[in-house]
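Notes to accompany the following structure.
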Amino acid sequence: MMELSEQELIRRQSLQELISMGINPYPNEPFDVNVKTTQILNQYDDEKKNFQNVSIAGRIMSKRIMGSASFAELQDEHGRIQLYLNRDELCPGEDKTLYNTVFKKLIDIGDIVGVTGYVFITKMGEITIHVKTFKLLSKCLKPLPIVKEKDGVLYDAFTDPEQRYRNRSLDLIVNPKNREIFKKRTILVNTMREFLNERGYWEVETPILQPIYGGAAARPFKTHHNALDITLYLRIANELYLKRLIVGGFDGVYEFSKDFRNEGMDRFHNPEFTQMELYVAYKDYFWMMELVEEMVERVAIALHGTTQVRVGEHVIDFKRPWKRFTMYEAIQHFTGVDISNMNEEQLRQTARSLNVEIDETMGKGKIIDAIFGDLCEPNLIQPTFITDYPIEMSPLAKKHRIKEGLVERFEAICNGKEICNAYTELNDPIDQRQRFEEQLLLARRGDEEAMMLDEDFLKALEYGMPPTAGLGIGIDRLTMIMTNQPSIQEVIFFPQMRPEKRLVPDEPEKFEQLGIPAEWVSYVQKSGYLTIEMLKQANPNKLHQELCGLNKKHKLNLINPTLDEVKSWVEKVSKS
RNA sequence: CGGUCCGUAGCUCAGCUGGUAGAGCACGUGACUCUUAAUCAUGGGGUCGAGGGUUCGAAUCCCUCCGGACCGACCA
């Protein structure tokens, strides 16, 4: 049990007082809510005198007490509304306890209450609920950070990212705007799902635990299944399973999936993240580009009512059609160099002359990708399709129908970052086997991200997969763009964090066994020796002085332990 | 993994070239029947992230560690 702060102790006392008054701080019965804050704020009409019988619940976010009248603010999911409470109206008889004691003293900021009353407008012009009854629905035992606002400026805002991510509930309470980001994320997903369902594609589920991971170039998380005694991996993509379903006769399947990659974390990467993968039979990547444009445009409209979205300092317009470049065209456009007919050595020289960092292990494909990634991608702000990638980087994509050495692949780049990746899928099982074997060679050369050969997947392809277009779209990154957030942690409720190191104090009994008087134990711990293990290293002189100091400072009126007694505690713990 | 910066009360932060830990909000007590960052009076609250070093004396200077932010490297 962590030591409670003064304010937490006071709240627990209030809790006890409420209970002793016969008020259940955590009642079971439902509370009927017949209106939301925003409905009142948007629709109240002082002439019509509507909302004269409201019942509403939420969290108390501020209190302004003026003797026998008070104002408070109630926050529900949608917004905040002011409450007005009047002592003599709330307590018409002699007994003013409900107002004087329960509301003024025992209801704290953060408590969840239900109120009934009628709506009016104060002299200052604010729409307010005149409270006739109120009921405590849940007591809040921790003090909330108090965020104040005037003229749109926040004061004392709770903004520290670490605390906000580690304590997301609190973040969402005191920064209600952050709830809107996550609501937008849900709307984004719902919009995509509706779009895909309308077209008759099937939402399916495929394994997260996979004996062979594949479908992307990444390092996996590894785990173990006890009953089967085998290694399993958390999926890095679901491509290979969804394609098996296309082989099985589904013409269109998609999955919103959590994928896992055991790699670095930064503002664009979380170890677990969400992708939507879609596979449609009898289509190719040109067709898929049109689907992506249409779907993302629709998401933008669903979220903003327009195709134009402000992202950082840019306004990004998702209106169809998007610009298209082949990768070679993009490189020529941004560097002025035509690399389309270069061999590996020429590419290497080009990269050096453009100041792109490359190393000797890089093949043709990786060099081209490095040039593109360094010099083109960051400049692509408006949504742009980049097509026709080098074959070396795309072992699951079909060879280009015309251009040698390329595959039919595109990525959509937006705000300098990839938002999706798609191919005309490779359905030739002989070619696919060769590509896997090339990956095995890379793996042997030390490429930790090279793909594993998946015999079961190849077997499925050998039964015949129809020509298929496939798409993977990063939901987190799309949400970042659509909600104008600079960091992935802002669009994931509970981003991965390094666990907080927390020392668990030992039980008081353990200290008492050393001969430490019970009344002194908490002060020994307060002096910094939370566990008896820590006491082993203690300097008895220092501890003795600290304890006597605490006794004096807090006027504890305890009998100071002698120095010899303190020494004996430390000796005893050292022997144990 | 490298560079820069940060960690002080429940929250937001100040604390200079080392010298008795500060403010606002929040909290306690009192006043106040239309306030709204309510106001007025008054009071309590701190292992100054952890450990070590220098010093008569460290929140402050030095070292190590922990946690975090930003930038870069690596990575889809």
Side-chain angles (χ1 to χ4, degrees), chain A residues 3-11 13-14 61-73 80-90 99 104-105 108-110 120-126 128 130 141-166 170 174 215-219 236-237 259 261-269 271 273 275 357 359 369 373 377 393 411 417-421 448-449 472 474 476-477 486-487 489 497-503 523 525-530 534 537 546 549-550 553-554:
Chain A
E3 199 155 324
L4 296 174
S5 71
E6 184 196 24
Q7 295 196 37
E8 288 173 296
L9 289 169
I10 288 165
R11 282 177 183 241
Q13 278 164 22
S14 300
M61 296 306 285
S62 74
K63 278 166 87 184
R64 291 185 285 276
I65 295 172
M66 294 159 309
S68 49
S70 294
F71 292 91
E73 280 176 294
R80 274 190 197 191
I81 194 162
Q82 182 169 258
L83 307 179
Y84 173 74
L85 295 92
N86 183 298
R87 182 188 65 199
D88 297 325
E89 290 179 60
L90 212 55
Y99 179 81
K104 272 169 72 174
K105 303 233 186 261
D108 293 305
I109 290 175
F120 74 111
I121 294 185
T122 64
K123 284 178 192 165
M124 299 300 288
E126 178 153 353
T128 299
H130 191 122
L141 293 179
K142 283 188 155 311
L144 258 37
I146 306 294
V147 181
K148 300 216 174 189
E149 190 219 314
K150 188 183 187 177
D151 304 330
V153 184
L154 291 180
Y155 296 85
D156 301 338
F158 179 65
T159 54
D160 180 54
E162 182 191 1
Q163 292 199 61
R164 285 181 42 238
Y165 304 149
R166 287 193 194 277
L170 183 60
V174 303
R219 277 186 284 173
I236 58 172
D259 291 341
R261 297 188 185 175
N262 204 344
E263 294 177 340
M265 291 162 57
D266 59 32
R267 71 190 176 99
F268 291 104
H269 299 85
F273 64 102
Q275 277 203 89
E357 241 181 271
D359 63 56
D369 193 61
E377 205 173 55
M393 321 234 13
E411 293 188 354
K417 280 276 165 188
E418 170 207 344
I419 55 171
C420 78
N421 181 16
E448 286 185 272
E449 293 188 336
D476 311 280
R477 292 205 185 161
S487 154
Q489 293 163 306
M497 305 281 285
R498 196 184 296 272
E500 258 183 308
K501 251 194 177 171
R502 210 182 272 149
L503 257 180
Y523 296 102
Q525 292 185 321
K526 208 171 176 179
S527 301
Y529 306 98
L530 291 174
M534 294 166 82
Q537 274 100 50
E546 279 179 276
L550 280 170
K553 187 174 173 193
H554 294 288

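Predicted, not measured: the structure shown is a model, and the values here were computed from it.
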What string of B, S and - do you get for nucleotides 22-30 of chain B 5' to 3' if you count protein non-hydrogen atoms under 4.0 Å?
--BSBSSSS
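Atom C1' of nucleotide rC75(B) and atom CD of Glu377(A) are separated by 13 Å, given to the nearest angstrom. Separating the CD atom of Gln163(A) from the C1' atom of rA69(B) is a distance of 13 Å, rounded to the nearest angstrom. Protein atom CZ of Arg87(A) is 13 Å distant from nucleotide atom P of rC34(B), rounded to whole Å. Rounded to whole angstrom, the span from the CZ atom of Arg477(A) across to the P atom of rC75(B) amounts to 14 Å. Computed from coordinates, the Glu8(A) CD to rC11(B) P distance equals 10 Å when rounded to whole Å. We find that CZ of Phe120(A) is positioned 12 Å from C1' of rU36(B), with the value rounded to whole Å. Separating the CE atom of Met265(A) from the C1' atom of rA69(B) is a distance of 13 Å, rounded to the nearest angstrom. To the nearest angstrom, C1' of rG72(B) lies 14 Å from CZ of Phe268(A).
When the C1' atom is compared between rG2(B) and rA59(B), the two are found 29 Å apart, to the nearest whole Å. Look at the P atom in both rG28(B) and rG7(B): the space between them is 30 Å, to the nearest Å. For the P atoms, the distance from rU4(B) to rU64(B) is 13 Å, rounded to whole Å. When the C1' atom is used for both rA14(B) and rG51(B), the distance is 27 Å, rounded to whole Å. Comparing the C1' positions of rA21(B) and rG3(B) gives an interatomic distance of 33 Å, to the nearest angstrom. Comparing the C1' positions of rC63(B) and rA41(B) gives an interatomic distance of 49 Å, to the nearest angstrom. Taking atom C1' on both nucleotides, rC5(B) is separated from rU20(B) by 31 Å, rounded to a whole Å. Straight-line distance between the P atoms of rA58(B) and rU29(B): roughly 39 Å, to the nearest whole Å.
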List the atom pairs, donor and acceptor, that lie under 3.5 Å between side-chain atoms in residues 145-158 of chain A and the rest of the protein, sequence neighbours left out.
{"unit_1": "Glu149(A)", "atom_1": "OE2", "unit_2": "Gly152(A)", "atom_2": "N", "d": "3.2"}

Please step through side-chain contact (heavy atoms from CB on, under 4.5 Å) for the pair Arg477(A) and His269(A), ending with a clear verdict.
CA-CA 9 Å; Arg477(A) 292 205 185 161; His269(A) 299 85; 3.3 Å; yes
Applying side-chain contact (heavy atoms from CB on, under 4.5 Å), run through Glu8(A) and Lys142(A) and close with a yes or a no.
CA-CA 6 Å; Glu8(A) 288 173 296; Lys142(A) 283 188 155 311; 2.5 Å; yes
Begin with the C-alpha distance, continue with both residues' side-chain angles, and end with the deciding distance and a verdict on side-chain contact (heavy atoms from CB on, under 4.5 Å) for Met61(A) and Leu144(A).
CA-CA 9 Å; Met61(A) 296 306 285; Leu144(A) 258 37; 4.2 Å; yes
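In this structure, Met265(A) and Pro271(A) have side chains that are in contact, with non-hydrogen atoms separated by less than 4.5 Å. For the pair Glu162(A)/Met497(A), a side-chain contact is recorded, criterion being any heavy-atom separation below 4.5 Å from C-beta on. Side chains of Lys104(A) and Arg87(A) form no contact here, defined as non-hydrogen atoms less than 4.5 Å apart.
Among the protein residues, Glu126(A) comes within range of the nucleic acid bases, having at least one heavy atom under 4.0 Å from a base atom. Counting non-hydrogen atoms under 4.0 angstrom, Ala217(A) reaches the backbone sugars and phosphates but no base. In this structure, Glu89(A) reaches neither bases nor backbone, as no heavy-atom distance under 4.0 Å exists between it and the strands shown. Using a 4.0 Å heavy-atom cutoff across all strands shown, Asp88(A) reaches at least one base atom of the nucleic acid.
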Report each atom pair, protein N/O against N/O of nucleotides 13-15 of chain B, whose distance is under 3.5 angstrom.
none

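At rU33(B), one or more side-chain N or O atoms of Ser68(A) fall inside 4.0 Å of OP1 or OP2 (strictly under the cut-off). Using a 4.0 Å cut-off, some side-chain N or O of Arg64(A) falls inside it from OP1 or OP2 of rA38(B).
Centre separation under 5.5 Å together with a plane angle under 30° does not hold for the ring of Phe71(A) and the six-membered base ring of rA38(B), so they are not marked as stacked.
Residues meeting the ring-ring contact (aromatic ring centres under 6.0 Å, His included) test with Phe273(A), sequence neighbours left out: none. Residues satisfying the salt bridge (charged side-chain N to carboxylate O under 4.0 Å, His left out) test with Glu263(A), not counting sequence neighbours, are none.
The aromatic rings of Tyr84(A) and Phe120(A) sit perpendicular to each other, their planes meeting at more than 60°, with 30° as the lower class boundary.
Heavy-atom nearest nucleotides on RNA chain B were determined for Glu149(A) and for Phe158(A), and the one closer to the 5' end corresponds to Phe158(A). Each of Thr122(A) and Gln489(A) has a nearest nucleotide on RNA chain B; the 5'-most of these lies closest to Thr122(A).
The nearest pair of heavy atoms linking Ser70(A) to Tyr99(A) is OG-OH, 2.6 Å. Scanning all heavy atoms of the two residues, the minimum distance from Leu90(A) to Leu85(A) falls at CD2-CD2, 3.8 Å. Of all the heavy atoms in Pro486(A) and Arg267(A), the pair that sits closest is O-NH1, 2.9 Å. Here the closest heavy-atom approach between residue Gln7(A) and residue Pro143(A) is recorded as OE1-CB, 3.6 Å.
Looking at Gln82(A), its side chain comes within 3.5 Å of the base of rU35(B) through a donor and an acceptor atom.
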Structure string for RNA chain B in dot-bracket form, Watson-Crick and G-U at under 3.5 Å, | interchain
(((((((..((((.....[..)))).(((((.......))))).....(((((..]....))))))))))))....
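For Met66(A), counting side-chain heavy atoms from C-beta on, the closest listed nucleotide (rG68(B), rC32(B), rC75(B)) is rC32(B). The side chain of Arg267(A) lies closest to rC71(B) when the candidates are rC11(B), rC71(B), rU35(B). Closest contact between the side chain of Arg166(A) and the listed nucleotides rA37(B), rG68(B), rU35(B) involves rG68(B).
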